[in-house]
Amino acid sequence: MRRASPLDVYEQLHAHHGDQRWWPAESPFEMMIGAILTQNTRWENVEMAISNLKKANMLNPESMLSCEPEQLEELIHPTGFFRQKAKRLIEFSRFFTAHGGTEGLKRWPTKALRARLLTINGIGPETADSILLYAFDKMVFVVDAYTKRIFSRLGMIKASMNYEEIQNYFIQRLPGLPQLYQEYHALIVQQGKCNCSAKPRCDDCPLFELCSSAAETDRLSEL
DNA sequence: ACCCAGGGTCATA
DNA sequence: TATGACCATGGG
């Protein structure tokens, strides 16, 4: 059996999990807020916070800029890290409104917008790339903890690779379709949520065949 | 009572 | 540049 490619893995994941249609949000701004709130946090907790924000009519940049930070902290409390995240939401809202909102930011070249997002405190590579991919439909591959875990376990990447190296690995081996990038990351998260990539590997893992074929590499990389 | 989750920052060596 | 402490809640 030939060595599995990222596209092979995509096919397997899609066959098992089906269409994902990400990101779950009703607007680009909601998507961006969700991206910040979900940092090192379960999505279920983010849903509580989003729900709180909607009920309080606070899920818009104007309200976030004019409210008392403590009120914001209370609403997003379930996501954890609520003090720093409240600051991050406010700072991001400031940036967002200062540049004409979604419509204004939509006109930025991808590279320039990414670089600018990274200068905002609390927005790192993954959050920036998620925003580019899902709020602006830019062709940017998102690397998260699941990506590292699953693909290093499959022996396709090394655990020592940094964010950019992993990102390049996928970009060089995938067709240039933004839609594919969106689905792929969604599938990786869906797969990561099930503990198939943990050890011991479960038998009905959709990647079981690939895992088995990579068993040798896998064992070596764990030493 | 532990462990971790759809990260990021900052201090230290 | 690379590792580690820290941020903090909710669910297993």
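In what follows, every chain begins at residue 1, and chains take the letters A, B, ... in the order their sequences are listed.
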P gap between B/dA1 and C/dA8, integer Å: 22 Å

Polar contact flag, side-chain donor to acceptor under 3.5 angstrom, [X]-[Y]:
{"X": "A/H17", "Y": "A/Q191", "result": "yes"}
{"X": "A/E74", "Y": "A/N52", "result": "no"}
{"X": "A/Q179", "Y": "A/D137", "result": "no"}

Any A/R83 side-chain nitrogen or oxygen under 4.0 Å from OP1 or OP2 of C/dA8: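 Checking C/dA8 against A/R83, a side-chain N or O does come within under 4.0 Å of OP1 or OP2.
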
Flag side-chain contact, heavy atom, 4.5 Å: A/L59 against A/I50: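 Side-chain contact under 4.5 Å: yes.
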
Take the protein atom [atom1] of [X] and the nucleotide atom [atom2] of [N], then report the distance between them rounded to whole Å.
{"X": "A/R88", "N": "B/dG8", "atom1": "CZ", "atom2": "P", "value": "8 Å"}
{"X": "A/I166", "N": "B/dG7", "atom1": "CD1", "atom2": "P", "value": "13 Å"}
{"X": "A/Y163", "N": "C/dA2", "atom1": "OH", "atom2": "P", "value": "17 Å"}
{"X": "A/N45", "N": "B/dG7", "atom1": "CG", "atom2": "P", "value": "13 Å"}
{"X": "A/L37", "N": "B/dG7", "atom1": "CG", "atom2": "C1'", "value": "12 Å"}
{"X": "A/K193", "N": "B/dA5", "atom1": "NZ", "atom2": "C1'", "value": "10 Å"}
{"X": "A/W43", "N": "B/dG7", "atom1": "CH2", "atom2": "P", "value": "12 Å"}
{"X": "A/E44", "N": "B/dC4", "atom1": "CD", "atom2": "C1'", "value": "13 Å"}

Counting any heavy atom closer than 4.0 Å, what does [X] reach on the DNA or RNA strands: base, sugar-phosphate only, or nothing?
{"X": "A/H185", "value": "nothing"}
{"X": "A/I120", "value": "sugar-phosphate"}
{"X": "A/A145", "value": "sugar-phosphate"}
{"X": "A/F81", "value": "base"}

A/F170 ring center near A/F151 ring center (under 6.0 Å): yes

For DNA chain B, the dot-bracket pattern of Watson-Crick and G-U pairs whose distances stay under 3.5 Å, | for other-strand partners: .||||.|||||||

Electrostatic pair A/E91:A/R88 at N-O distance under 4.0 angstrom: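 Salt bridge between A/E91 and A/R88, a charged N being under 4.0 Å from a carboxylate O: no.
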
A/K54/A/E30 salt bridge by N-O under 4.0 Å criterion: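 Result for this pair is yes, salt bridge flagged.
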
Out of B/dA5, C/dT9, B/dG8, whichever nucleotide has its closest atom nearest the side chain of A/Q39: B/dG8

Minimum-distance pair of heavy atoms, taken over all atoms of A/M156 and A/A4: CE-O, 3.4 Å

Minimum heavy-atom distance A/G34-A/W43, with the two atoms named: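 Heavy atoms only, the tightest pair is O-CZ3, 4.1 Å.
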
Members of residues 122-143 of chain A that approach DNA chain B, where some heavy atom sits under 4.0 Å away: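 Of all residues in residues 122-143 of chain A, the ones placing a heavy atom under 4.0 Å from DNA chain B are A/G122, A/I123, A/G124, A/P125, A/E126, A/T127.
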
Which residue lies more 5' along DNA chain B, comparing A/P24 with A/N121 via nearest heavy atoms: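 The 5'-side residue here is A/P24.
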
A/E165/A/N162 under side-chain contact (heavy atoms from CB on, under 4.5 Å): CA gap, chis, key distance, verdict: CA-CA 5 Å; A/E165 290 169 334; A/N162 65 29; 3.2 Å; yes

